[in-house]
> 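What follows is a structure written as structure tokens; I'll ask about it next.
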Amino acid sequence: MLLLLPAAADESLPADASLPVVATFSILGDLTETIGGARVTVRTLVGPGGDAHVYTPTPADARQLGEAQLLIVNGLGFEGWMDRLVEAAGYGGPIVVATDGVAPRRTEDGGTDPHAWQDPANGRRYIENIRDGLVAVDPDGAAGYRERAAQLLADLDGVAARMSESLAAIPVERRRVVTSHDAFGYFGDAFDIDFIAPVGTSTESEASAADVAALVRQIRREQIPAVFVENISDPRLLEQIRRETGAQLGGTLYSDALSSSDGPAATYLDMLTYNTTTLAAALATAAADIGVEPPAPATSHGDPK
Ligand SMILES: [Zn+2]
């Protein structure tokens, strides 16, 4: 007997009919899953805790990309291995560059800083670009993509407002911190915090002994209050710097990848929130411990009663 089923009320499709999308790293994967909902199947190449700067694609990655109908990349030189993978996979479909429309931050040596996602204002562009890419390749799902993206943008605005609020409490003299690599330039520009690192915007290069010695002197001279390890980098160098300088260990910042799903930074919004909370907790404490005089007790100008 043949049953004619009514059209499903929701827009979800069976798994084999969903849109196959490849995202290069976990932050893009999370945004794409949220915007795509049940209509897409997202395969993320560099997963939670992974370092996309130095990733080596696998044959399985090439197969997955070969079957994808949309590829989502960060751009700004972040995924140096991407062109070779596209070629190996024979991928000829559309590519969303999530940073399209972002004002790129220049590094001190004239390069381009790819870590644009660390500024929530740029996160808006990521969401809009991913939404538009999904709509273009799957117009039947447009209403759902737009609705979920609008909700995500609203949630991001709420997170960004709370970030500004908690970071505003950090005293001016404590707005300098050290991280493993130079991944927080956009964050620092957005929230007026100076991030310093022993290596540049890529983890491909290693810090030289001279770089580390210069950084140790700078931390002591400028009384930089805290160093932070990163989820994607070996913490040993930062531990050494902390021991040599007496700076406080501020905790772990999520720089280029999310945490696993049971960790504190499992989504883009959770990552922004967790990094902000970690920075604020380490930096917004009393200024007295770095030798800054506490404010003099207030004197009463009121009329004693
Ligand atoms: Zn990085």
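Start at 1 and go down the list; that is how both ligands and their atoms are numbered. Every heavy atom of this structure was used, including side-chain atoms; hydrogens, water molecules and symmetry mates were not.
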> Relative to the ring of F187, is the ring of F184 parallel (under 30°), tilted (30 to 60°) or perpendicular (over 60°)?
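The rings of F184 and F187 stand perpendicular, inter-plane angle above 60°.
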> If you check every N/O/S atom of D256, which is the one nearest the Zn ion (ligand 1)?
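For D256, the N/O/S atom sitting closest to the Zn ion (ligand 1) is OD2.
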> Same cluster or not: are L85 and L70 linked, directly or through other Ile, Leu, Val, Met, Phe, Trp or Tyr residues, by side-chain heavy atoms under 4.5 angstrom apart?
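Yes; L70 is reachable from L85 via cluster members.
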> Closest to the Zn ion (ligand 1), which N/O/S atom of H53 is it?
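Closest to the Zn ion (ligand 1) among those atoms: NE2.
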> Taking W117 as the fixed residue, which of F25, Y186, Y268 is the one that meets the ring-ring contact (aromatic ring centres under 6.0 Å, His included) rule?
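The option that passes is F25.
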> Set out, in order, the CA-CA distance, both residues' side-chain angles and the distance that settles ring-ring contact (aromatic ring centres under 6.0 Å, His included) for F195 and F228, then state yes or no.
CA-CA 10 Å; F195 287 85; F228 295 83; 7.7 Å; no
> If you check every N/O/S atom of H181, which is the one nearest the Zn ion (ligand 1)?
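Atom name returned: NE2.
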